[in-house]
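Below is one structure; the comments refer to it alone.
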Number of protein chains: 2
Amino acid sequence: MEETDRAIVAALAVDGRLSYTDLAERVGLSVSAVHQRVRRLEQRGVINGYAARLDHDAIGLPLTAFVAIRPLDPSQPDDAPDRLAKLPQIESCYSVAGEDFYLLMVRVESPLALERLLQEIRSAANVTTRTTVVLSTPYEHRPPKI
Amino acid sequence: MEETDRAIVAALAVDGRLSYTDLAERVGLSVSAVHQRVRRLEQRGVINGYAARLDHDAIGLPLTAFVAIRPLDPSQPDDAPDRLAKLPQIESCYSVAGEDFYLLMVRVESPLALERLLQEIRSAANVTTRTTVVLSTPYEHRPPKI
DNA sequence: ACTGAAATAGCCCCTTT
DNA sequence: AAAGGGGCTATTTCAGT
């Protein structure tokens with residue numbers, strides 16, 4: 001990727017609501033040139049969309065956990081991500097190397113809600129779970145250096 | 001949190017660039033009322049900011065990994081997050097329950113870059129590392145159900 | 001707290017270089 | 001590809017309820 005596009009993407013990673021006017025000043029181009037570049041970055045999928053960053057405590061999901069899962073029967077077809085997609089508490093699903101098959105990041109309201117979610121995960125995908133509870137988050141979702 | 005605020009936050013989690021006009025239609029309020037509510041949600045920190053969602057392959061960081069770290073000397077003061085904050089490849093740092101002290105999520109350009117990063121992490125924070133490489137990402141950063 | 005309206009600013013398309 | 005201009009829409013503030 002090119003210099004100017006990098007600068008645009010980096011800026012929008014920090015502040016997704018930057019106006020084209022501000023962006024244009026930062027990268028030293030005209031507003032319409034920047035606008036055109038952003039549109040292309042969106043169309044090429046470099047920028048997938050824009051999201052508000054939320055305070056999970058404030059929205060009632062103060063408990064974060066990582067759930068490593070492993071199929072009970074590794075010979076069966078593995079459609080765990082599909083089966084688990086319906087559970088909205090699962091924020092992310094990563095297929096990983098190592099002993100586990102998938103690593104999920106989940107957000108719930110309480111320890112009790114986590115217990116219920118783990119049961120749902122196990123029964124929905126026929127897997128065992130190994131859960132790591134997050135105690136605090138020194139930092140998260142830092143914008144990449146690009 | 002209240003009904004209308006939830007709807008606003010949920011909508012902005014999916015599309016952080018929604019106009020106040022569109023938001024107003026969705027929640028059934030006037031534009032200025034919605035604007036006022038969004039400003040308050042931002043001031044109260046419920047909405048922390050806005051970010052572009054990036055394609056990490058496209059921006060040259062195609063390799064994601066989770067790095068569990070543990071201090072070599074658990075009796076020393078633990079300032080690992082601070083010491084590691086300078087490494088921009090570390091996207092997130094979670095303090096976790098269990099055998100490990102912290103779980104990092106990192107994004108790098110290549111396996112070689114991961115090797116170098118792990119060395120930097122170990123020397124910067126005086127820790128051992130256990131790394132889980134992400135092979136693929138079925139889904140990530142799904143907006144919460146609120 | 002919400003509405004409505006007025007002024008400002010930014011978006012977006014089109015033309016030109 | 002980038003710049004500039006013009007019409008239009010959204011943002012933002014303010015007064016009123």
Side-chain angles (χ1 to χ4, degrees), chain A residues 1-62 109 140-146, chain B residues 1-62 109 140-146:
Chain A
M1 199 166 45
E2 184 219 339
E3 178 75 23
T4 307
D5 281 345
R6 287 187 182 206
I8 290 172
V9 168
L12 289 175
V14 175
D15 181 359
R17 287 197 116 170
L18 267 181
S19 71
Y20 296 113
T21 310
D22 286 349
L23 261 181
E25 276 185 31
R26 295 203 192 190
V27 304
L29 280 180
S30 72
V31 172
S32 47
V34 168
H35 190 209
Q36 199 176 20
R37 278 170 179 267
V38 172
R39 286 180 61 90
R40 269 213 282 276
L41 288 165
E42 289 169 352
Q43 285 182 332
R44 285 171 41 203
V46 178
I47 295 173
N48 271 310
Y50 302 87
R53 276 192 293 263
L54 306 181
D55 179 335
H56 292 93
D57 290 346
I59 63 171
L61 298 170
E109 178 249 342
E140 195 179 18
H141 301 323
R142 299 198 306 175
K145 258 282 178 301
I146 44 183
Chain B
M1 198 165 45
E2 184 218 338
E3 178 75 22
T4 308
D5 282 345
R6 285 186 185 207
I8 290 172
V9 169
L12 289 175
V14 175
D15 182 359
R17 288 197 114 168
L18 265 182
S19 71
Y20 295 113
T21 310
D22 287 348
L23 263 181
E25 276 185 30
R26 295 202 193 190
V27 304
L29 279 180
S30 70
V31 171
S32 44
V34 167
H35 188 210
Q36 199 175 24
R37 278 171 179 265
V38 172
R39 285 183 63 87
R40 268 214 282 279
L41 288 164
E42 289 168 353
Q43 284 181 331
R44 286 169 42 204
V46 179
I47 295 172
N48 270 310
Y50 302 87
R53 276 193 293 265
L54 307 181
D55 179 335
H56 291 94
D57 290 345
I59 63 170
L61 297 170
E109 178 249 340
E140 195 180 20
H141 302 321
R142 300 197 305 174
K145 259 280 178 303
I146 43 183

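- In this structure, the side chains of B:L29 and B:R37 come closer than 4.5 Å at one or more pairs of heavy atoms.
- Here A:R40 lies in heavy-atom contact (under 4.0 Å) with sugar-phosphate atoms only.
- Using a 4.5 Å cut-off on side-chain heavy atoms (C-beta onward), A:V38 and A:L12 make contact.
- In this structure, B:E3 places its CD atom where only 12 or fewer heavy-atom neighbours from other residues, nucleotides or ligands lie under 6.0 Å away.
- Ranked by how close their nearest DNA chain D nucleotide is to the 5' end, A:G28 and B:T21 are led by A:G28.
- If you take CG on B:N48 and CG on B:L41, they are separated by 11.5 Å, rounding to the nearest 0.5 Å.
- Using a 4.0 Å cutoff to heavy atoms of chain B, the contacted part of DNA chain C runs 5' to 3' from C:dA1 to C:dG4.
- The separation between B:D22 atom CG and D:dT9 atom P is 13 Å, rounded to whole Å.
- Shown here for A:M1 and B:I59, the closest heavy-atom pair between the two residues is CE-CG2, 4.0 Å.
- Remark: B:R39 is not positioned above the aromatic ring of B:Y20, lacking an NZ or CZ atom under 6.0 angstrom from the ring centre and at most 45 degrees off the axis.
- Residues A:R44 and A:D5 form a side-chain contact, since some pair of their non-hydrogen atoms from C-beta on lies under 4.5 Å apart.
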(message) The test is side chain to side chain contact (heavy atoms under 4.5 Å, CB included); show your working for A:D15 and A:D22 and say whether it passes.
(response) CA-CA 11 Å; A:D15 181 359; A:D22 286 349; over 6 Å; no
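- One can place CD of B:Q36 at 13 Å from P of D:dC14, the figure rounded to the nearest angstrom.
- Rounded to 10 degrees, the angle between the two end axes of the helix from C:dA1-D:dT17 to C:dT17-D:dA1 is 30°, with five pairs used at each end.
- Going from atom CD of B:Q43 over to atom P of D:dT12 covers 13 Å, rounded to whole Å.
- Side-chain contact between A:L54 and B:I47 is present, with at least one heavy-atom pair separated by less than 4.5 Å.
- The residue A:V31 sits apart from the nucleic acid: no heavy atom pair falls under 4.0 Å.
- Each of B:Y20 and A:E2 was matched to the nucleotide of DNA chain D holding its nearest heavy atom; the match closer to the 5' end belongs to A:E2.
- One donor-acceptor pair, N or O on each side, does fall under 3.5 Å between the base of D:dA3 and the side chain of A:S32.
- Computed from coordinates, the B:R17 CZ to D:dT11 P distance equals 11 Å when rounded to whole Å.
- Rounded to whole Å, the distance from NE2 on A:H35 to C1' on D:dG6 is 15 Å.
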